[in-house]
Each structure stands twice: as structure tokens, then as C-alpha cells.
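The model shown is predicted, which means the values in this text are computed figures rather than measured ones. Note that ligands are numbered from 1 as they come in the structure, with each ligand's atoms numbered from 1 the same way. Counting from 1, the numbers follow the sequence of the chain as shown.
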Amino acid sequence: MRAHVAIIGSGPAGLLLGQLLTNAGIDNIVLDRVGKDYILGRVRAGVLEEGSVRLLDQAGSSARLHAQGLQHDGFSLAFDGRNHRINLWELTGKKVTVYGQTEVTRDLMEQREISGAKSIYEADNVNVHDFGSTSPHVTYEQAGRTERIDCDFIAGCDGFHGVSRRSVPERAISTYERAYPFGWLGVLAEVPPVASELIYANHPRGFALCSMRSMTRSRYYVQCPLDDKVEAWSDDRFWDELRLRLPAEDAQAVTTGPSFEKSIAPLRSFVAEPMRFGRLFLAGDAAHIVPPTGAKGLNLAVSDVHYLFEGLRDYYTDGSVAGLDAYSGRALQRVWKAVRFSWSMTMMMHRFPDTGAFGQKIQEAELDYLVHSRAASTALAENYVGLAF
Ligand code: RFL
Ligand code: PHB
């Protein structure tokens, strides 16, 4: 098999890059080690920046997003028993769209099928080869046979645990990492959300987040110990803990019901530099991870794809390598700002082992300053709606 670009990973990064390339007449193959249903069963991000929506518009995969996505022009920070609204619209002139990553992925998969572009699912033992040369290739196994894809470029969009980054020699890559000493227990339930906007709550018992997928489907999270087991969290225990961490007015308004998804995710900040190795380009979680507190992970995957797509398009339209050469630097500049923002939101909102009574007071003072200073609120809002790309 041959394609201009071999894309490893059928998450949002790989599928969006594939669609933009297909629309531009640049043929590509998307490969994933798992099946479509498995990918669509994962519950992840929920908040899209305007820049992400714009790129999905450009790809032509945003009709359902515009019909069903919820436009939010603010969110609340809850602490010291009260809610404080951050008015994104007034502070930045921008909104965010609440629309699940699962739906983004479903829309991109459907569009890929309509365009007739090739995807290979359940590909075992995917490997990238010769990306230091001008003729790289990818191999994988399926039905007991080893297959080969020759290509001009490989896009490593295979997430944090993927094969692409791991295939780079250690001396060629630098990594920066921080693991946080807690996780997020997330629950999805067919109940109306407690409020019409998201609530990020700082509480001495730990962080809590009230989010949603629609006006009838809620997504809630509570900070929990990393070694907690999901089985130890009955629905009743979850709802009780959530309510304890919210201001009284919200706690009373929570509609409870049976959860149909419950999982614990660890929190980590991670960046690999550079994001290009010869003809192998990393994009999205393959290159960087942020804790979900700032809602940046999916949005960063989209901005990486924007820079990478421009580089590839220029290469195929006029032979220019300038965009490809600039890719890693442009992407990383934006990545580090989102890593900083996600880290600072995480530090401000969570209970750490050494937070104690003093640390709690400092967090509350920081939050109080943040919501009462227009300058500080604007800086928060500007980062939350997403820096320009
Ligand atoms: P993905 O989505 O992980 O897709 C990678 C794909 O690569 C495949 N793969 C392989 N394929 C072939 N061979 C291999 N060896 C392979 N190894 C892996 C995998 O099967 C998979 O299909 O990465 P991508 O495309 O870079 O997308 C990144 C986003 O998924 C991620 O950043 C976000 O979900 C992070 N995130 C959030 N981001 C936001 O922007 N806003 C949010 O509100 C938000 N909330 C969240 C989040 C992540 C969370 N978790 C579970 C970590 C909330 C949570 C709880
Ligand atoms: C979500 O709805 O899953 C979500 C929303 C905002 C975040 C993280 C996750 O910061």
C-alpha cells in the first residue's frame, strides 16, 4: 500500500488531520490498534474552544456540533461556600462550546467514511520505520499477515501510550513531566445538569467539577486518591461526596440518578520536545498531556493539527518545506502556554497532601483575588477560551 501520509491513531487528532488532508486532495491512511466501537466508548473531553470549532468547520465536520453543541459564555468558580461567575463573553468576546469528544470523533469517523478515505482498525503491532530517510514506511499485522504502507510522511497521532513517540531514539527527544498525587473520578448520568454552566469547585474535601453533555445528560467529577478503585464508589457515595463539595444552593439542586459510566483518570503534565523527527511528526496526546482542569487537551490536539496540516498542504501545493520546518516550534509555543495554564488551574483547585489549613487559605485568597480583579479574571478567561492559533 502507498499513501502520501500515514496517520497512526484514529482519535480526534488523527481523524481531523486525515479529513483536512483528504479535503485538500492529499491521500492518507488512518491506522488504529483498536476498533471504532471501542474508541467511541471512551468518555473524555467536553469543552471546545472557538479555534477548535473553526477547524472542525474547515474540515466540514461541524453540522451536528452546531445543531447540538451548547454555547457557554461563562462558568463558575465555587469556593468558600459561594459561586463566582467568570463571564467569558464580557471579558474576551468569546464563548466555548460544550460538545463531547465522543461526538466529535463520531462526526469525523462518519465524514471519513463518506469521503471514502481508507482507515484500518484493529491493526496489531503497528511500527514506524525509516523516518530519518526520505522514504519512511509503516508496518502492522492483521489476520496473521504483516502489511506495509509506504509513505512520504508519518503523523504520530497515537496518544500518550502510542508507538510513535516510543520509536524515537532517546538521545533525540527531551521530556518534561509532572504527575499529580490524585485522580479524577468521573461519572456520566442521564440527569439534567445542576446548573446551565460548568462549576469548578475548590473545597477542603477536594476538587469537584459539574459539567454536562446536554441539558439532559450530566458529567461530574470529584478528585479522589490515585489508588481508589471504581468499585469502591457506589452511585450513592459519589452523589453524597459531590454534594458535600458544592455550595449549599447547588448541592440541593443536584438531580441524582444511576450512572452509566464511571472511571478514574490519573492527572499528568507531560511534554516531549521536539515534535518532529525527520519525516515523523507527533501531534496531540502523543506529544503532550495536560491535566483536564483547564479543558485544554483536545483543543491542543486540534491546534497541533492546524499547524501540521498547513505544513503538509504547502509541501504538496508548492513544494515548500517552511511550514513543516516551523511545525514543532509553532506547536510547542502554544503547548507550553496551555501546560502552564492547566498546571496553575490544577494547583489552585485541588487538595494536595501538603495543602493543609494554610494552603487552603492561600488557595481561597488566590481565588478571591482572581474573581474580584478584572485583570486577573481576564487573564483566566483569555486562557480558558483558548489562545489564538
Ligand atoms: P487519543 O484520543 O488518545 O487517540 C489516540 C488514538 O491512537 C490509538 N493508538 C494506536 N494506534 C495504533 N498503534 C498504536 N500502537 C496505538 N496506540 C494508541 C488509540 O487507540 C487512540 O484511538 O489522542 P488524540 O487524538 O491526541 O486526542 C487527545 C484527547 O483525547 C485528549 O487530549 C483529551 O481527551 C483530554 N481531555 C480534555 N481535553 C479538552 O480539550 N477538554 C476537556 O474538557 C478534556 N477533558 C480530557 C478530559 C481527558 C480525560 N481523560 C480521560 C484523560 C477529561 C478526561 C477525564
Ligand atoms: C468534561 O465535560 O468532561 C470536562 C469539562 C471541563 C473540564 C474537564 C472535563 O475542564
Please state which protein non-hydrogen atom is closest to [atom] and give its distance, to 0.1 Å?
atom	answer
atom 26 (O) of ligand 1	Asp285 N, 2.9 Å
atom 42 (C) of ligand 1	Ala45 CB, 3.2 Å
atom 27 (O) of ligand 1	Pro12 CG, 3.5 Å
atom 39 (C) of ligand 1	Leu298 N, 3.2 Å
atom 3 (O) of ligand 2	Tyr221 OH, 2.6 Å
atom 4 (O) of ligand 1	Gly11 CA, 3.5 Å
atom 2 (O) of ligand 2	Ser211 OG, 2.6 Å
atom 6 (C) of ligand 2	Tyr200 OH, 3.3 Å
atom 30 (O) of ligand 1	Gln101 NE2, 2.7 Å
atom 2 (O) of ligand 1	Arg44 NH1, 3.0 Å
atom 8 (C) of ligand 2	Pro292 O, 3.3 Å

If we only count N/O pairs under 3.5 Å, is [X] in contact with ligand 1?
X	value
Ala13	yes
Gly46	yes
Trp184	no
Asp32	yes
Arg42	yes
Arg33	yes
Ala286	no
Ala295	yes
Gly284	no

With heavy-atom distances below 4.0 Å as the criterion, list the atoms of ligand 2 near [X].
X	value
Val47	5 (C), 6 (C)
Thr293	10 (O)
Arg44	3 (O)

hydrophobic_cluster_shared for Leu88 and Leu298, side chain cutoff 4.5 Å: no

Test of understanding: clusters of I, L, V, M, F, W, Y form through side-chain heavy atoms closer than 4.5 Å, transitively. Do Ile149 and Val5 belong to the same one? no

Is the shortest N/O to N/O distance between Trp184 and ligand 2 below 3.5 Å? no

Against Arg165, only a single residue in Leu280, Ile173, Asp285 fulfils side-chain contact (heavy atoms from CB on, under 4.5 Å); can you say which? Ile173

Taking the six-membered ring where the residue is Trp, are the ring centres of [X] and [Y] under 6.0 Å apart?
X	Y	result
Phe75	Tyr200	yes
His288	Phe160	no
Phe182	Phe207	no
Tyr316	His4	yes
Phe341	Trp336	no

Hey, are Tyr220 and Ser259 close enough side-chain-wise for a donor-acceptor pair under 3.5 Å? no

Donor-acceptor pair between Asn127 and Thr139 side chains, under 3.5 angstrom: no

Classify the contact between Ile8 and ligand 1 as side chain, backbone, both or neither, using a heavy-atom distance cut-off of under 4.0 Å. side chain

Does ligand 1 have a heavy atom under 4.0 Å from the side chain of Cys157, from its backbone, from both, or from neither?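 It is the backbone that gets close, since no side chain atom is under 4.0 Å.
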
Hey, which atoms in ligand 1 end up nearer than 4.0 Å to a heavy atom of [X]?
X	result
Val47	41 (N), 43 (O)
Tyr221	53 (C), 55 (C)
Gly162	17 (N)
Ile39	22 (O)

Salt-bridged, Lys94 to Glu49, with N to O below 4.0 Å? no

Quick check against the 3.5 Å criterion: does Ser328 have a side-chain atom that pairs as donor or acceptor with the backbone of Met275? yes

Would you say Thr102's side chain and Arg42's backbone share a donor-acceptor pair under 3.5 angstrom? yes

Nearest-option assignment for atom 7 (O) of ligand 1, heavy atoms, candidates Val104, Leu31, Asp158: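 Selected option, by shortest heavy-atom distance: Asp158.
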
Yes or no: does Glu49 have any heavy atom under 4.0 Å from an atom of ligand 1? no

Applying a strict 4.0 Å limit to heavy atoms, is Gly186 in contact with ligand 1?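 False for this residue.
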
Is there a heavy atom of Gln101 sitting under 4.0 angstrom from any atom of ligand 2? no

Quick one, Met1 with Arg148, criterion side chain to side chain contact (heavy atoms under 4.5 Å, CB included). Give me CA distance, side-chain angles, the key distance, then yes/no. CA-CA 6 Å; Met1 267 178 280; Arg148 171 178 171 134; over 6 Å; no

If we set the cut-off at 4.0 Å for heavy atoms, which region of Leu198 has an atom near ligand 2: side chain, backbone, both, or neither?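 Leu198 to ligand 2: side-chain contact only, backbone stays beyond 4.0 Å.
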
In the structure I gave you, are the side-chain heavy atoms of Glu241 and Gln223 within less than 4.5 Å of one another anywhere? no

